[in-house]
Structure formats: structure tokens, C-alpha cells
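These figures come from a predicted structure and were not determined experimentally.
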Amino acid sequence: QVQLVESGGGLVQAGGSLRLSCEAPGIIFRINVMGWYRQAPGKQRELVARITSSSSTNYADSVKGRFTISRDNAQNTVYLQMNSLKPEDTGVYYCNVVTWGYEYWGQGTQVTVSS
């Protein structure tokens, strides 16, 4: 089973910043879309941000202006820079990679924002 490698989660106070990283193993190629989802306790999983192979980006309304998604194609890595964090950003963040006909997920990394 091929897994995405996530890192960067942790505990931070409101207003702080975190940077999440997700690396896809080299066996995964022809990546079309890379993105981040999150799930808070008692909530549905939601799309946070995604970036296409042409660098087009989409963000959830709740994170626009605070989060920035980027990718490094040479390293097969996607990042999520999270600034001005709020308690409602707390949740498990999952990396997602989509190729032509395949989809991969990370195991999730916990982000906790205290007030």
C-alpha cells in the first residue's frame, strides 16, 4: 500500500502559524491535483485547499486570505502554509493526491489551535 507522508501538525495558540508538508513517493507520478482536507470532531470532512498541475488553486471560504497552498513538482510535495490560525481550524488534516485514475491519502496530522 502506497501512503503519503505528512508532517508539520502540532499545537499552536490562536494567531499562530503552522506549515504542513506532504510528500508523495516517487512511484506516484502524473499527478493532476494535490490538496488538503480536514475533519474536526463531530464535523464532516471538508476540502481546505487544492492545487492543480497548472497551479490553479481553490480554497474553502473559511481559510481564504489565511492559508496558502503550494507545490514542488521536483520533490513531489505539497505544502499548506497556515497563518492567523483560529480555534475553529482545529482538526485532523489529510493530504490528498489525484492522478489519472488513482487517488491517494495521507494518514492525517493533528492540528490543534488553542484560544
If the threshold is 4.0 Å, N to carboxylate O, is there a salt bridge linking K86 and D89? no

Got a second to check how far I51's CD1 is from W36's CH2, nearest 0.5 Å? 12.5 Å

Working to the nearest 0.5 angstrom, can you tell me the gap between N96 CG and E103 CD? 4.5 Å

Indicate whether any N or O donor in one side chain lies under 3.5 Å from an N or O acceptor in the other, for S54 and T52. yes

Could you check whether N32 and S53, counting side-chain N and O atoms only, form a donor-acceptor pair closer than 3.5 Å? no

For R38, which of V111, V63, L47 qualifies under side-chain contact (heavy atoms from CB on, under 4.5 Å)? V63

Enumerate the residue pairs fulfilling disulfide (SG to SG under 2.5 Å) with a member in residues 13-108, sequence neighbours excluded, ordered by first and then second residue. C22-C95

Using the rule that two of Ile, Leu, Val, Met, Phe, Trp, Tyr join whenever any of their side-chain heavy atoms come within less than 4.5 Å, decide whether [X] and [Y] are in one cluster.
X	Y	result
L85	Y59	yes
V2	I31	yes
Y37	L18	no
Y94	L20	no
Y102	I27	yes

I'd like to check E6 versus S21 (side-chain heavy atoms, cut-off strictly below 4.5 Å). Are they in contact? no

Any side-chain heavy atom of Q107 sitting closer than 4.5 Å to one from Q3? yes

Does R71 make a cation-pi contact with Y79 (under 6.0 Å, within 45 degrees of the axis)? no

Test: R45 cationic atom under 6.0 Å from W105 six-membered ring centre, within 45° of axis: yes

Working for side chain to side chain contact (heavy atoms under 4.5 Å, CB included), residues V12 and T112: CA-CA 6 Å; V12 65; T112 303; over 6 Å; no

Begin with the C-alpha distance, continue with both residues' side-chain angles, and end with the deciding distance and a verdict on side chain to side chain contact (heavy atoms under 4.5 Å, CB included) for W100 and R30. CA-CA 7 Å; W100 186 256; R30 295 188 180 277; 5.7 Å; no

Run Q81 and S70 through side chain to side chain contact (heavy atoms under 4.5 Å, CB included) and show every step you take. CA-CA 8 Å; Q81 178 66 47; S70 61; over 6 Å; no

